Visitor: 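One structure is given below, represented as structure tokens, and several questions about it will come after.
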Amino acid sequence: MKIDIIGAGPAGNYTAYLLAKKGHSVSVYEKNPVVGPPVQCTGILSDYFLTIFEPKKDFVLNTVERTKIFSPNGKFVNAGIKKNYVVCRKKFDSYLAKMAESAGAEYHLSHSFNSFRKNGKKIISEISCRGKAIESEADVLIGADGPLSKVAKAAGLFEGREFVIGTQIEAKMKNNNIVEFYPYIGCYAWIVPVDPETVRIGVASYKNSMALFKKFAMKKIGKDYNKRTIENQSGVIPVFNPKVRAQKDNVYILGDAATFVKATSGGGINQSLKAAIILAECVDKELDYDKEWRKQMFLNLYVHLLAHRMHQRFTATDWNDLIGTFSSSKMKKILHDESRDRIVSMIIKIIAARPSLMKYAKYFPFRELKKLI
Ligand SMILES: Cc1cc2nc3c(=O)[nH]c(=O)nc-3n(C[C@H](O)[C@H](O)[C@H](O)COP(=O)(O)OP(=O)(O)OC[C@H]3O[C@@H](n4cnc5c(N)ncnc54)[C@H](O)[C@@H]3O)c2cc1C
């Protein structure tokens, strides 16, 4: 099959690799002149990454095995976690693209997808390259073109989208190699160590993301945080839409283009890679992709969304109480043993250990359930 993939991020590159390896004729169109930059990502991956991909020195900058989760009263829980990986997105994305190229995929950089039309069963993509209009004909079109996906828009798959703004810098800041997480600032705020002298620090929020970020960065780094900034890495993060359709005839979307992101943390790389595996199998074997990704990914993404909606209703006292309960060794063990990429199992164990936490069921977002019906 001739397959056109739009976007050379993790979702597009890994799908290109898997489909080229299966013998398909794959072309990847990327609007930027280089695969990787601009980086709009923290690049932290839970241990779930290991189930999908082999971490390599080529792109892993750091590993972290401890986190501090802060509450509004300044107290925090300090817990061990399974090894998390901090990747360089420039290197990771280009590593994946090289894998895809070695498997036979062709890359077309500085090629920006605009729209598509149908010609019988074929799909004609309309693309511009340095001011010139180009067309590409394929049997299958895959949109891996990020949160504002033009492929999703052109296919009528973009409805019901919500976004948070992630404001982040990479900056000079001494640290002890601990991930700091602040679930009560905006939607969430974070400090992720890259090396002993460097961190990625950011805030994600529906509104006032920049103002919240400035306050946070000033407090954590100091008034001169601008001087210490190495790179601005801000970007748009889609909120998982449980009603999203990811296939229309022979047009498919995945990754951020399909809102496959954990709503409690903004993490989407593991989900992009997982979806790539599912999609490549479905395209190759002509299986029902919408059915398959729902079977394998929906529950985890949906429970993250429900938890996120509940968090939005938490008061400062709720956060202080909840995070306070994690200081017991039993709860710390759960934080260590469970992965945020398997949130259902984590929540079941937390509730079993502390049934009193059921009091937060009062915040359960029944409106989200109704939306599904
Ligand atoms: C501030 C911030 C921090 C984050 N931190 C983390 C984190 O720590 N861990 C994690 O797992 N996730 C994180 N994420 C989310 C993560 O970055 C995304 O989930 C991930 O990049 C999704 O991969 P993707 O391939 O679907 O999309 P993208 O990485 O966005 O790739 C899309 C590609 O498509 C290209 N493109 C777009 N439009 C067109 C077009 N019209 N024509 C051709 N090419 C096009 C783009 O240039 C880009 O190369 C973060 C996001 C933000 C904004």
Side-chain angles (χ1 to χ4, degrees), residues 9-10 36-46 61-64 66-72 76 81 84-90 92-93 146-148 162-240 255-256 259 261-272 304 307-308 311-312 319 340-341:
V39 172
Q40 297 172 309
C41 185
T42 318
I44 186 160
L45 301 166
S46 80
L61 298 174
N62 191 18
T63 56
V64 191
R66 186 151 286 278
T67 186
K68 283 184 183 175
I69 305 172
F70 286 80
S71 43
F76 57 85
I81 48 174
N84 275 227
Y85 300 86
V86 182
V87 302
C88 167
R89 275 295 301 271
K90 287 174 200 161
F92 183 52
D93 290 17
L148 305 175
E162 263 185 291
F163 302 95
V164 298
I165 305 299
T167 308
Q168 176 185 281
I169 55 169
E170 184 169 287
K172 283 288 160 205
M173 179 182 156
K174 285 199 190 323
N175 66 82
N176 296 322
N177 207 30
I178 297 175
V179 172
E180 295 188 12
F181 193 61
Y182 300 76
Y184 61 91
I185 298 179
C187 294
Y188 39 86
W190 62 91
I191 302 178
V192 169
V194 178
D195 62 42
E197 306 278 327
T198 314
V199 297
R200 293 176 186 154
I201 173 170
V203 174
S205 182
Y206 286 98
K207 47 185 185 181
N208 305 327
S209 180
M210 179 53 94
L212 289 168
F213 169 77
K214 278 185 181 165
K215 201 172 154 193
F216 183 57
M218 252 189 237
K219 192 168 167 196
K220 293 292 156 190
I221 304 183
K223 279 188 185 151
D224 64 341
Y225 76 86
N226 265 327
K227 274 198 220 150
R228 292 169 185 244
T229 299
I230 299 164
E231 188 172 37
N232 186 328
Q233 302 174 329
S234 305
V236 170
I237 305 174
V239 178
F240 176 60
D256 276 18
T259 77
V261 174
K262 289 169 288 186
T264 57
S265 69
I269 298 173
N270 279 338
Q271 283 59 35
S272 292
H304 271 286
H308 167 65
H311 292 170
Q312 286 180 286
W319 281 120
R340 58 188 179 279
D341 279 302

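Remember, it's a predicted structure, so these values are computed and weren't measured experimentally. Just so it is clear, the values below take in all heavy atoms, side chains as well, and ignore hydrogens, waters and symmetry mates.
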Visitor: Check Phe213 against Gln168 and note the closest heavy-atom contact, atom names and distance.
Guide: CE1-CA, 4.3 Å
Visitor: Under a 4.5 Å cut-off applied to non-hydrogen side-chain atoms, are Trp319 and Phe70 in contact?
Guide: no
Visitor: Report the distance from atom CG of Asp224 to atom CE of Met218, rounding to the nearest 0.5 Å.
Guide: 10.5 Å
Visitor: If we check ring pair (Phe, Tyr, Trp, His ring centres under 6.0 Å) with His308, which of these qualifies: Tyr206, Tyr188, Phe240?
Guide: Tyr206
Visitor: Using a distance-only test with no angle check, is there a side-chain donor-acceptor pair under 3.5 angstrom linking Arg340 and Asn84?
Guide: yes
Visitor: For Gly268 and Val261, work out which heavy atoms get closest and say how close.
Guide: CA-CG2, 4.2 Å
Visitor: Looking at side-chain heavy atoms only, is the closest gap between Val86 and Thr63 below 4.5 Å?
Guide: no
Visitor: If I compare all heavy atoms of Ala263 with all of Val239, which pair ends up nearest, and what's the gap?
Guide: CB-CG1, 4.4 Å
Visitor: State, yes or no, whether a side-chain contact exists between Ile230 and Ile169 at a heavy-atom distance under 4.5 Å.
Guide: no
Visitor: For the CG atom of Asp256 and the CD1 atom of Ile269, what is their distance to the nearest 0.5 Å?
Guide: 9.0 Å
Visitor: What pair of heavy atoms forms the shortest contact from Pro193 to Val199, and how long is it?
Guide: CA-CG1, 4.1 Å
Visitor: Parallel, tilted or perpendicular: which one describes the rings of Tyr182 and Phe216, with boundaries at 30° and 60°?
Guide: perpendicular
Visitor: Salt bridge or not between Arg200 and Glu170? Use side-chain N to carboxylate O under 4.0 Å.
Guide: yes
Visitor: Given side chains that start at C-beta, do those of Ile191 and Asn175 come closer than 4.5 Å, heavy atoms only?
Guide: no
Visitor: Is Thr67 reaching over with its side chain to a backbone N or O of Val179, donor-acceptor style, under 3.5 angstrom?
Guide: yes
Visitor: Which distance, rounded to the nearest 0.5 Å, do you find between the NZ of Lys68 and the CG of Asn176?
Guide: 7.0 Å
Visitor: Side chains of Arg89 and Pro10: does their closest heavy-atom pair fall under 4.5 Å?
Guide: yes
Visitor: Between Ala204 and Ile237, which heavy-atom pair has the shortest distance, and what is it?
Guide: CB-CD1, 4.4 Å
Visitor: Might you work through the side-chain contact (heavy atoms from CB on, under 4.5 Å) test for Ile44 and Trp190, ending with a clear yes or no?
Guide: CA-CA 11 Å; Ile44 186 160; Trp190 62 91; over 6 Å; no
Visitor: Who pairs with Asp195 by side-chain hydrogen bond (donor to acceptor under 3.5 Å, both in side chains), at least two apart in sequence or on another chain?
Guide: Thr198
Visitor: Enter the distance from Thr264:OG1 to His304:NE2 here, rounded to the nearest 0.5 Å.
Guide: 4.5 Å
Visitor: Testing Lys174, Arg228, Lys172 for salt bridge (charged side-chain N to carboxylate O under 4.0 Å, His left out) with Glu197, which one passes?
Guide: Lys174
Visitor: Below 4.5 Å, heavy atoms only, C-beta onward: do Val194 and Asn62 meet side chain to side chain?
Guide: no
Visitor: A quick test of your reading: do over 12 heavy atoms of other residues, nucleotides or ligands sit less than 6.0 Å from NZ of Lys214?
Guide: no
Visitor: Before you tell me yes or no, could you show the steps for Ser46 and Asn270 under side-chain contact (heavy atoms from CB on, under 4.5 Å), namely the whole-Å CA-CA distance, both residues' side-chain angles and the distance that decides it to 0.1 Å?
Guide: CA-CA 8 Å; Ser46 80; Asn270 279 338; 3.7 Å; yes
Visitor: In Å, rounded to the nearest 0.5 Å, how long is the span from CD of Glu180 to NZ of Lys220?
Guide: 5.5 Å
Visitor: For the residue pair Gln271 and Asp341, establish whether any side-chain heavy-atom pair is separated by less than 4.5 Å.
Guide: yes
Visitor: For a quick test of reading the model, state the closest non-hydrogen atom pair linking Ile201 to Ala217 and the distance between them.
Guide: CD1-CA, 4.1 Å
Visitor: Does Ile69 reach the side chain of Pro183, with side-chain heavy atoms less than 4.5 Å apart?
Guide: yes
Visitor: CG of Leu45 to OH of Tyr85: how many Å apart, nearest 0.5 Å?
Guide: 9.5 Å
Visitor: Are any side-chain N or O atoms of Thr229 and backbone N or O atoms of Glu231, one a donor and one an acceptor, separated by less than 3.5 Å?
Guide: no
